[in-house]
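I have placed the structure first, in the form of structure tokens, so that the comments after it can refer back to it.
Here is how names work: the chains are called A, B, and so on, in the same order as the sequence lines, proteins then strands, and each is numbered from 1. All values below come from the heavy atoms of this structure, side chains included, with hydrogens, waters and symmetry mates left out. Bear in mind the structure is a predicted one, so any value in this text is a computation, not a measurement.
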2 protein chains.
Amino acid sequence: MANIQEVAQKAGVSVATVSRVLNNNSTVSPSTRLKVENAIKELNYEPSMLGRNLRNSESRLLLVLIPSISNPFYTEIINGIQNTAIAHQYNILLCETNSNPERENIYFNMVKNKLADGVISMDPTVNMQKLIELAENHSIILCSEYDESNVIPYVSIDNEMAAYHAVKHLIKIGNEKIALINSDEKFLYARQRRSGYERALAEFNLPLRKEWIYNTTQLDFQDGVQAMRMLLKLKEKPSAIFAVSDTLAIGALKEMNASGLKAPDDIAVVGFDNISFSNMTNPTLTTVAQPMYKMGCTAATMLINSIHENKAESILLDHELIIRESTMG
Amino acid sequence: MANIQEVAQKAGVSVATVSRVLNNNSTVSPSTRLKVENAIKELNYEPSMLGRNLRNSESRLLLVLIPSISNPFYTEIINGIQNTAIAHQYNILLCETNSNPERENIYFNMVKNKLADGVISMDPTVNMQKLIELAENHSIILCSEYDESNVIPYVSIDNEMAAYHAVKHLIKIGNEKIALINSDEKFLYARQRRSGYERALAEFNLPLRKEWIYNTTQLDFQDGVQAMRMLLKLKEKPSAIFAVSDTLAIGALKEMNASGLKAPDDIAVVGFDNISFSNMTNPTLTTVAQPMYKMGCTAATMLINSIHENKAESILLDHELIIRESTMG
DNA sequence: ATTTGTTTTGTAATCGATTACATGACTATA
DNA sequence: TATAGTCATGTAATCGATTACAAAACAAAT
């Protein structure tokens, strides 16, 4: 790869002039410009981001932290982020942390080292303290999972309200014995959704039974299968289930199938996220849709604003209950 | 962020000494080392990758090009790549191209500019000519989709043989009218799988009928739905279907469900890839498994070798037919 | 021909690290 | 005490760009 020196030499000008042509901000005479452009073409030259970034302290790269790409929930959000970023001449790099603090650190360092201009974190397992520290000197936005202290701006939905709506729907169609398949309640969203579940039950004077709340460690299909297996072992079985993730709900449906049970007749099921697969199951899955694409766009816009010194305001977007076969008679 | 100068000043030494402590390769007296380490801690200093990379022409970052993260096929491969990379002190950045040449270009430039040390491309829509050009001066490995010219080393499976096995399985369980749901045949893997399909039919003297071959433009669930819808409209319907991707096969199963048809009794279905969903459908899906994790590990190992000047040899890994309910009576 | 003003181009410092080479400090030996 | 040898540290060039400032080139006006 040729560098700016060689281009300058070939064109018979100084490096400053080459740089001026490159950034076409300052005045260069048409004839010189032509010479330089020819030299660039002949040498197949492309400016080094490294040199440029070092000088400019800007990389126009945004980091997107996700725990795992295997969760389809992130797909549409990332699309929104990417399209918005590109519209502002930024690019994104996807960083899969696998909830591993060391990997997290590597990505944090990229920001500290000016290899990236900002971060959108969607990782609920992120080390929030470190992130807040990083946010003192860098632009960070939380997406989906957030921190109640509101030190770092976030975009999310009202999880409590969304869960409340989902459970109320199950009650409205005649269910009184409603179970909750929740994830680990160390996550804010899990606590919020549980709270919405409890509020709906309380409002209709329905019993809140410990054995109808099952907490999983992960969000894989298999965790849903396992959860349902436990619930089906109970003496008094629930007549409906609210799962805080479609992957869990789909696992639950699978286990029902295996036991010869049908949704919604035997047990009605509601999921959360509206991943694309939720429309492919049999029966199709009722679920709470988050405006994922919009969330991505919003997060990216907030981040880019924040990089350009306009502080960002946290925002909660609307959710929507999508009723499908798993709760329709 | 403090820089190396400030650390040097605070510790009362030269920048060279600080650098020596950082890279602990050269001799530094214990007392000086301590002073420097204290200064580093006090200033919360972390070395700038930008400065370091510029000087060393090394970033220890690997780029992984995928067309879209929404295809679950890539999940396990990426895991393999990531684990192998980390074991060699490399990190990976996921680059979603969305089959967009401009985005592709951005990532190619990162390599040219030493922002990344190498590339693993899994994008079948990649501009192969540009990639070959890039490969002249940089380390590139193809994974899954490859180029027959073998200019760029690749790791993949024997697609023709895999398809042949899948179709032979359908024949063995008694099917004579076998349809193919293929993707766009501009892709090598699509042509190879079709060829395996044809070979199996020919071997058993079964008819090869044009109307039983359906080509989709994408690999989404919906494309599978669409394909099945067309096949069910035919006067002479197939009794079995081989789809070149699980997503297509799942869409096909969905459409069968909607039409009240059951697999395998009405139509048997075989997919390809063994994505995690394929075990969650009803019925569960028979599919050809690629050794995805191993493919990822192999690709990463090849790339890292290639970066360190050992040239890599292309390799084909073994596939495996996983028989599930969609072909089991 | 000289002055003034404008346009174009070049020189050199800078960003933050690494490292070859030079130099200084110290030790051991005669 | 002088000398060689070893170990520790500093000086300055370097990677590839950008840009403030200086200088040169040119044009227009007197």
To the nearest angstrom, the CG-C1' distance between B/Asn109 and D/dG16 comes to 15 Å

### Task
Scan B/Asn23 against the nucleic acid and name what it touches under 4.0 Å (heavy atoms): base, sugar-phosphate only, or nothing.
sugar-phosphate

A/Glu58 CD to D/dT18 P, in whole Å, measures 12 Å

Can A/Ser59 and A/Asn53 be said to form a side chain to side chain donor-acceptor pair (under 3.5 Å), step by step?
CA-CA 6 Å; A/Ser59 65; A/Asn53 294 353; 5.0 Å; no

Computed from five pairs at either end and rounded to 10 degrees, the angle between the axes of the helix from C/dA1-D/dT30 to C/dA30-D/dT1 is 70°

- Task: In sequence, state the C-alpha distance, the side-chain angles, and the governing distance for B/Lys10 and B/Glu6, and then conclude on salt bridge (charged side-chain N to carboxylate O under 4.0 Å, His left out).
- Result: CA-CA 6 Å; B/Lys10 177 140 215 152; B/Glu6 302 172 50; over 6 Å; no

For A/Leu54, which contact category applies under a 4.0 Å heavy-atom criterion: base, sugar-phosphate, or nothing?
base

In 5'-to-3' order, the base (B), backbone-only (S) or no-contact (-) status of each nucleotide in nucleotides 6-14 of chain C, using a 4.0 angstrom heavy-atom cut-off, is --BBBB-BB

Here the distance between atom P of D/dG16 and atom CE of B/Met49, to the nearest Å, is 20 Å

Less than 4.0 Å between a side-chain N and a carboxylate O, is that true for A/Glu37 and A/Arg33? yes

B/Asn53 atom CG is separated from C/dC15 atom P, nearest whole Å, by 19 Å

- Query: Should we say atom NZ of B/Lys114 is surrounded by more than 12 heavy atoms from elsewhere, each under 6.0 Å from it?
  - Reply: no

Side-chain atoms of B/Leu22 come closest, of C/dT18, D/dA17, C/dG16, to C/dT18

A/Leu50 CG to D/dT18 P, in whole Å, measures 13 Å

note: A/Leu115, atom CG; C/dA17, atom C1'; distance rounded to Å ~ 13 Å

Below 4.0 Å: OP1/OP2 of C/dG16 and any side-chain N or O of B/Arg52: no

Discussion item. Before you tell me yes or no, could you show the steps for B/Tyr293 and B/Asn83 under side chain to side chain donor-acceptor pair (under 3.5 Å), namely the whole-Å CA-CA distance, both residues' side-chain angles and the distance that decides it to 0.1 Å?
Written reply: CA-CA 10 Å; B/Tyr293 185 81; B/Asn83 286 340; 3.0 Å; yes

In B/Ile120, B/Val119, B/Asp147, the residue satisfying side-chain contact (heavy atoms from CB on, under 4.5 Å) with B/Leu142 is B/Asp147

Tightest non-hydrogen contact, residues B/Met295 and B/Cys143, listed as CE-SG, 3.9 Å

Rounded to whole Å, NZ of B/Lys114 lies from C1' of D/dC15 at a distance of 9 Å

Distance-only, no hydrogens or angles: does the B/Asn56 side chain make a donor-acceptor pair with backbone N or O of B/Glu58 under 3.5 Å? no

Exercise. So with a 6.0 Å cut-off around NZ of B/Lys294, is the heavy-atom count from everything else above 12?
Worked result: no

Atom CD1 of B/Ile40 and atom P of C/dG16 are separated, to the nearest Å, by 16 Å

